[in-house]
Amino acid sequence: MKTRIDSRFEKLKAEDRPALVTYFMGGDPDFDTSLEVMKALPAAGSDVIELGMPFSDPMADGPAIQAAGLRSLNAGQTLVRTLELARRFRETDDETPIVMMGYYNPIYIHGVDRFLAEAKEAGVDGLIVVDLPPEMDEELCIPAIEAGINFIRLATPTTDDKRLPAVLRNTSGFVYYVSMTGITGTAIADTSKVNTAVQRIKGHTELPICVGFGVKTAEHARAIGATADGVVVGTAIVNVMADAIKAGKSAGETAGAVTALVSELAKGVRESRLATA
Amino acid sequence: MNKPTIPNSFRTGPDEQGMFGIFGGRFVAETLMPLILELQDEWNRAKTDPEFRAELEHLNTHYTGRPSPLYFAERLTEHLGGAKIYFKRDELNHTGSHKINNCLGQILLAKRMGKTRIIAETGAGQHGVASATVAARFGYPCEVYMGATDVERQAPNVFRMKLLGAKVNPVTAGHGTLKDAMNEALRDWVTNVEDTYYLIGTAAGPHPYPEMVREFQAVIGKETREQIMSAEGKLPDLLVAAVGGGSNAIGLFHPFLDDKGVQIVGVEAGGKGLNGDEHCASLTAGSPGVLHGNRTYLLQNEDGQIKEGHSISAGLDYPGIGPEHSWLKDSERVEYVPIMDDEALEAFQLLTRLEGIIPALEPSHALAEVIKRAPKMRKDQTIVMNLCGRGDKDIFTVGKILGMGL
């Protein structure tokens with residue numbers, strides 16, 4: 001089954017440019033603002049949207065994304081409302097892929113089958129669930145594949161060649177390469193090491209490889225986009241939102257601040273292949 | 001929930017995937033998975049290695065002071081007028097609690113694995129002190145994550161850790177208690193995967209931790225079996241232990257799980273009562289969910305967000321529980337009951353005056369349950385309670401509540 005993710009990467013391959021994958025936290029700082037941000041992303045140059053599902057105990061995330069999740073939960077965000085964000089986005093955009101990203105417990109409590117049916121209906125194309133390694137595939141990965149939703153797995157610097165096949169086995173859509181060991185948003189990736197790792201993973205799969213964790217500027221995006229099929233930016237976007245919220249900006253102004261950063265990153269991504277050509 | 005069929009043995013878990021029925025597992029980020037598999041391999045080798053066992057036994061004997069005594073509490077027994085009450089006195093261990101049993105086992109594993117840095121989470125500070133102690137003994141740098149609330153209410157233990165050379169990192173996220181400390185320790189581990197050993201303090205977390213910690217703590221139950229047989233010539237009628245994460249309890253219970261005549265009770269922190277949110281009774285009032293690497297009973301809302309618990313005892317202030325306890329609850333082998341803050345406080349004072357033993361607030365919960373049950377039992381019956389920690393660390397908390405200046 002071909003998802004919007006597959007179609008989007010085919011299109012980008014034809015254009016010979018990497019994807020800009022943008023993460024934001026659903027419901028941060030409230031439902032309406034985050035919907036406005038989400039709707040503004042494609043025009044600003046985002047090719048794939050990662051929609052964060054807030055969780056009270058995000059053990060792989062740094063302070064910025066933790067705080068965003070807390071703002072969102074405090075404003076009454078739930079898994080059902082995050083699905084509603086996807087549904088509302090789809091009213092005006094039927095092409096940009098949506099990948100929901102978060103932790104397993106809210107999905108488990110909602111009920112896996114019920115969640116998958118509702119996600120499919122809402123127009124969600126893929127899932128990234130941080131705390132479900134391949135050893136736990138029976139939980140959600142296999143049911144998701146059966147429901148026609150891509151299950152996108154993280155590969156990390158600790159995923160060696162011996163382990164890679166197991167990680168890739170049930171992965172679809174794309175592979176998310178985490179550029180470093182650590183939590184989201186900390187160090188700046190060493191781009192040459194990252195590029196070597198991307199080449200290594202490409203030796204094991206035909207799937208597009210997107211790189212994230214530590215990408216903050218157009219400069220990073222340009223360097224990583226030279227070899228990767230996509231560049232994921234999360235914390236930098238969440239930080240821009242946090243600043244706008246702190247300054248008491250309106251929903252429109254917050255979305256504007258995000259758009260400005262995303263446009264700049266998109267420019268970096270679009271120039272990455274030109275630089276190496 | 002489906003009632004599981006009664007297994008032939010309650011002592012065979014976990015399976016190869018680290019599951020106790022539906023509980024347990026390895027719900028961790030991919031970055032940690034290779035480490036967890038490496039740890040599992042090393043643990044599998046170590047547990048059958050006579051040299052490893054001999055080294056651990058030697059340390060247990062000469063460093064910790066094992067076996068800990070099984071003490072007949074004569075005056076308490078008389079006072080309650082029912083079953084004979086014995087205390088397994090793990091509070092007499094070096095560092096003042098059962099936590100050292102596990103820390104020695106794990107530091108030997110860390111050494112075998114060539115790790116050079118130790119991290120740990122702590123609630124009451126007992127595990128933090130035990131970790132800092134073994135790190136000092138084996139010459140490792142050690143960082144302990146501790147909720148900011150706990151740093152404040154367990155000041156003496158914070159000072160002990162610092163004296164032992166550990167760095168204590170206060171965690172301000174959430175309510176600043178054990179759950180938040182564990183999140184932060186996991187973040188450290190995921191960042192420093194190459195050199196760092198994560199010394200988890202309770203029988204929870206991703207496989208193989210629940211099994212490994214249980215095996216290191218099972219020395220409590222093994223000794224108890226021998227000691228009660230020589231004291232009474234028969235197995236006890238009732239075992240009682242406090243459960244926070246559940247390591248002292250599983251250590252006492254596990255060797256007795258297949259002895260049908262032995263009734264087993266785990267005591268949770270009922271806090272200010274189960275009606276509101278101010279308790280930590282995850283087994284009595286929670287539901288199965290996934291947190292900190294395992295599926296287990298959790299305090300959570302209908303959206304799967306984890307709640308903050310409350311207990312007078314920092315060591316029980318955790319919204320989850322080791323997965324094996326979740327399985328033992330569902331399979332009905334062990335009964336789990338809550339004890340409120342004020343009941344624990346009363347038990348704390350009673351034991352202090354009757355037996356001259358100041359217990360930690362954690363086993364004071366177990367004691368409050370013993371106080372309820374002993375009078376209803378016959379005088380020829382016996383109870384063994386795990387007195388898993390001493391109360392020196394709690395005197396400031398208790399003094400404050402009782403309005404006594406220190």
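Residue numbers begin at 1 in each chain, while the letters A, B, ... track the order of the sequences.
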Query - Interface residue of largest heavy-atom contact number with chain B, from A:A67, A:P63, A:P133, A:P134, under 4.5 Å - result: A:P133
**Report entry** Pairs involving residues 170-183 of chain B, ordered by first then second residue, that meet salt bridge (Lys or Arg N to Asp or Glu O under 4.0 Å) (sequence neighbours left out)
**Finding:** A:D57-B:K179, B:K179-B:E308
**Report entry** Segment of A:Q77 engaging chain B (4.5 angstrom heavy-atom cut-off)
**Finding:** backbone
Query raised in the report: Where do B:L274 and B:A281 come nearest, in terms of heavy atoms and distance?
Result: CD2-CB, 3.7 Å
Query raised in the report: Are B:E184 and B:R187 ion-paired here, with the side-chain N under 4.0 Å from a carboxylate O?
Result: yes
Query raised in the report: So, are B:R26 and A:E135 salt-bridged, with charged N and O less than 4.0 Å apart?
Result: no
Query - salt bridge (charged side-chain N to carboxylate O under 4.0 Å, His left out) involving A:E146 - partner list, sequence neighbours excluded - result: none
Report summary line: Residue from A:I109, A:T78, A:N105 scoring the most non-hydrogen pairs under 4.5 Å with chain B is A:N105
**Report entry** Members of residues 157-167 of chain A whose heavy atoms come closer than 4.5 Å to chain B
**Finding:** A:T158, A:T159, A:R163, A:V167
Requested in this report: Scan residues 186-211 of chain B for pairs that pass ring pair (Phe, Tyr, Trp, His ring centres under 6.0 Å), counting only residues two or more places apart or in two chains.
Outcome: B:W189-B:Y198
Report task. Step through the shown structure and confirm whether more than 12 heavy atoms of other residues, nucleotides or ligands are within 6.0 Å of CZ on A:R169. Result -> no
Query raised in the report: Is chain A contacted by the side chain of B:L291, its backbone, both, or neither, given a heavy-atom distance below 4.5 Å?
Result: side chain
Query raised in the report: Between A:R81 and A:E84, is there a salt bridge with N-O shorter than 4.0 Å?
Result: no
Requested in this report: Would you mind checking if B:R214 and B:E324 are paired as a salt bridge, meaning a charged N to carboxylate O distance below 4.0 Å?
Outcome: yes
**Report entry** Residue A:F55 versus chain B: region with a heavy atom under 4.5 Å
**Finding:** both
Requested in this report: Look at B:D188 together with B:R117 and state whether they make a salt bridge at an N to O cut-off of under 4.0 Å.
Outcome: yes
Query raised in the report: Quick one: what part of A:P58 sits under 4.5 Å from any heavy atom of chain B, side chain, backbone, both or neither?
Result: both
Query raised in the report: Between A:I107 and chain B, which part of the residue has a heavy atom less than 4.5 Å away: side chain, backbone, both or neither?
Result: neither
Requested in this report: Verify the ring-centre separation between B:F27 and A:Y103: is it less than 6.0 angstrom?
Outcome: no
Report summary line: chain B shares the most heavy-atom pairs under 4.5 Å, among A:V178, A:D61, A:L132, with A:D61
Report task. Go through the atoms of B:A185 and report whether side chain, backbone, both or neither lie under 4.5 Å from a heavy atom of chain A. Result -> neither
Query - Interface residue of largest heavy-atom contact number with chain A, from B:Q17, B:Q300, B:E302, B:H292, under 4.5 Å - result: B:Q300
